[in-house]
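Model, not experiment: these values are computed from the prediction. Along the sequence shown, residues carry numbers from 1. For the numbers below, each heavy atom of this structure counts, side chains included, while hydrogens, waters and symmetry mates do not.
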Amino acid sequence: MDNLKEIIRKHRTLIVLSAILAVAVFLRLYNLGEWLFFQADQARDLNLVARAIDRGPEYLPLLGPKAGGTFLRLGPVFYYFEYLAALIFGLGSPAVTAYPDLFFSILSVPLLFLFLKEFFSKKYSLLLTAGYAVCFFEIQYARFAWNPNSLPFFNLLFFYAAFKIFQTDDQKAKTWWAVLIGVAYAIVSQLHFVSLLSLPIALVVIFLIRKIFFKNKREKWWKYAGIIVLICIVLYIPAILSDIQTDGNNALNFLKSLAEKGDGSSNLVSLLSKDIFVFSKYLLVILSGIVDASKSTINIFSGTLVLFAIAGIVAFKKETDKERRFFISLVFIWFVAYFITYVPLGSKLQPRHFLVILPLAFVFVGALAYALEKIAKSRYMAHMALAILLMPIIANAYSMQVWFAEIADSQKKISTYRKSSLLKSVGGESWWHLERTAEFMRDDCDKNKMVIILPKESYRSLYDYAMEYVGEKRPYSIQWGSFDRKNDACFYVIGFAKNDISDRFGGVLQKIRYVHFGDVAVTRFDIANDPDIKNIKNPFKKSGGKEIEVGYYSDMAAADPGYISEDESSSNDSAEDVAGTDGDVDSSGDANSFLDSVGREERLFWKDLFDGKTE
């Protein structure tokens, strides 16, 4: 017994950290398959990866997903992570493509502890790591596949390596830290473009600050800068090859996007005010899980940014150890690099933009508690510091419980959800809803074909994948807007159960069957027995009380004497467009610069380097 107590005492930090990691793993894995957030982006990416698995790695692209609102594409590393997961685990479930994000999220927990331990005590580091382990914001992004989701890990790795490279005199160790900096930067900048410019500037400032702190210490960091650049070039080879083949199209689109991105305001005070407000809003979400805070609450919380800044200054001034002061400076540089980068974006900032600084929120909380204890060493201050450290744990644990309960409810009844709004989900829908509705239509239809009408056009790729997943082999047409009459087809409309659409059926459509799977409902209907009806136009869109618009063969024949009456089958064209959004930039007008004429090039795959063709 005494030996056991001695072992526990000797390894208690590792035991507690293991318990924290176990909780982190549980929260990220619990019911992952059925609660998976799965929408158009995920279906598109899954189809791309599935094709590479079926046909070979040469069907992997040289570039990754598009940056929102532009023709610019990220690097391909996100797809390569997904491909590797599919290669190892197979594609038996769409959740497989989320495994890389899940893996890096779990790995970020012990990495954060190591980072925190460079400045804080073990007690502080464990409590702050526990807060991060149950962080609602981080967990929500860890539980589905999307290119920004692994940013917390790789940003943390970048700054941890940037700190550790100066903590050793061993040249071999320094080289490996430089390699990690290069790897982290190359991956981060391929997951989200915001870091492409921010991190190199931050790294240069870190090196300069290091030079100021240690004037008498000769550190040949330029040598290691060369290693970092070399690693980045190697990991950017696919993107470089793509630009060689397309005359630099993606690089030109990057320059073009820099000019186009922005809030539209030129008032610096207004932009700074928006920046502070949005940073306050999402730091509040990170530390508490509160996603629906009022504007006044966020404004009050913005004062916490001032407290964090004061805490950092106090910690810096109270510290005498240069390495610990350097750590504080590095944290400050990390935050400021993104704060300045985000100023032009203003109100365009989204939750995902704050994944890059997510770990910093817990460093700030630790700094605040640390500063309190340094200002006045008393039992009262120690208790207050402990309360500050516990608040993120308690608040986020409660938010996680609420969110899990909401998802569970969304599969049982018409639910009232709140937490899912962080991901701008229309409802509580998840992969479970997609699979159940697809299975119902597969088993219910007793005809040769199906016509499926969706609540949103973006759901095309979702149901195309879901129908294939449940083994539906009959021809089916996924429609948005008008659809043609087919006497040999089952007609289904999918919508949200809270929005009853039966009042829009009128006399033209006849309801046959209605079922709902929690928040999502499926209605089978048929068209009235009138052989002259050709098609139905926009039947389930809100139309201001107007009746359903019907197209008749007789009307078409009268309008066009050459019209041939034919039951046109609408082909299923919802397969993923691997080349991105269709359409070219209209450059026919006045071009103010060369960049105005830069448009979209078809995305290249590895196979295209050898056969000279694009898809």
Side-chain angles (χ1 to χ4, degrees), residues 27 37 68 131-132 134-141 143 148 152 262-265 267-311 335 338-339 342-365 367-369 384 387-410 414-429 496 498-499 519:
L27 292 175
F37 183 83
Y132 178 86
V134 299
C135 176
F136 161 76
F137 191 107
E138 207 282 334
I139 293 170
Q140 189 166 85
Y141 279 95
R143 289 175 59 92
D263 184 73
S265 173
N267 187 319
L268 182 59
V269 174
S270 173
L271 288 172
L272 282 171
S273 176
K274 289 177 181 176
D275 207 27
I276 292 170
F277 178 83
V278 180
F279 265 79
S280 301
K281 175 180 178 179
Y282 290 112
L283 282 174
L284 178 60
V285 177
I286 291 168
L287 293 174
S288 68
I290 299 173
V291 299
D292 53 358
S294 64
K295 189 173 181 179
S296 58
T297 301
I298 295 169
N299 285 329
I300 292 170
F301 185 79
S302 64
T304 308
L305 287 181
V306 178
L307 288 178
F308 288 155
I310 293 172
F335 178 78
Y338 286 104
F339 186 86
Y342 288 163
V343 168
L345 296 177
S347 57
K348 288 188 175 182
L349 290 170
Q350 299 295 326
R352 65 179 181 274
H353 288 106
F354 293 87
L355 290 168
V356 292
I357 64 161
L358 196 153
L360 280 183
F362 298 92
V363 179
F364 294 159
V365 170
L368 185 58
M384 183 177 288
I388 289 171
L389 294 170
L390 289 173
M391 280 168 57
I393 302 173
I394 297 168
N396 274 292
Y398 172 75
S399 292
M400 283 302 305
Q401 184 272 325
V402 171
W403 184 46
F404 278 2
E406 287 175 2
I407 300 174
D409 283 348
S410 76
I414 302 173
S415 62
T416 302
Y417 52 88
R418 186 169 59 87
K419 296 294 182 184
S420 297
S421 62
L422 181 62
L423 297 178
K424 298 190 179 300
S425 174
V426 173
E429 71 271 21
F496 303 109
K498 64 180 180 180
N499 301 324
D519 279 340

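Nearest heavy atom pair, residue Leu307 against residue Leu368, reads O-CD1, 4.1 Å. The two atoms that bring Phe362 and Gly131 nearest to each other are CE2-C, 3.4 Å, heavy atoms only. Nearest heavy atoms, Val134 versus Met400: O-CG, 3.5 Å. Among all heavy-atom pairs drawn from Ala367 and Ala311, the shortest one is O-CB, 3.6 Å. Listed here is the closest heavy atom pair of Lys348 and His353: O-CE1, 4.1 Å. Between Val285 and Ile290 the shortest heavy-atom distance is CG2-O, 3.1 Å.
Put simply, the side chain of Asp275 never gets that close to the backbone of Leu271: no donor and acceptor are under 3.5 Å apart. Listed for the Ser273 side chain is no donor-acceptor partner under 3.5 Å among the backbone atoms of Val269. With hydrogens and angles disregarded, a donor-acceptor distance shorter than 3.5 Å links the side chain of Asn396 to the backbone of Ile286.
Residues meeting the side chain to side chain contact (heavy atoms under 4.5 Å, CB included) test with Ser296, sequence neighbours left out: Ser294. For Phe354, the ring pair (Phe, Tyr, Trp, His ring centres under 6.0 Å) test picks out Phe279, Tyr282, Tyr342, with sequence neighbours left out. Evaluation of the ring pair (Phe, Tyr, Trp, His ring centres under 6.0 Å) rule for Phe277 yields no partner, not counting sequence neighbours.
Using a 4.5 Å cut-off on side-chain heavy atoms (C-beta onward), Tyr141 and Pro152 make no contact. Proximity of Val291 to Phe137: side-chain heavy atoms (C-beta onward) are nowhere separated by under 4.5 Å. Counting heavy atoms from C-beta on, the side chains of Phe136 and Val402 never come closer than 4.5 Å.
With rounding to the nearest 0.5 Å, the separation of CG in Asn299 from CZ in Phe301 is 12.0 Å. Of the inter-residue distances, the one linking Leu305 atom CG with Phe339 atom CZ reads 7.5 Å to the nearest 0.5 angstrom. Here the straight-line distance linking atom CD1 of Ile393 with atom SG of Cys135 works out to 11.5 Å at 0.5 Å rounding. Taking CZ of Phe364 as the start and CG of Leu287 as the end, the distance is 9.5 Å to the nearest 0.5 Å. Separating the OG1 atom in Thr304 from the CG atom in Leu283 is a distance of 9.0 Å, to the nearest 0.5 Å. Annotation: the span from Arg143 atom CZ to Trp403 atom CH2 amounts to 5.0 Å, rounded to 0.5 Å.
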Test side-chain contact (heavy atoms from CB on, under 4.5 Å) on Phe335 and Phe308; report intermediate values, then the result.
CA-CA 11 Å; Phe335 178 78; Phe308 288 155; over 6 Å; no

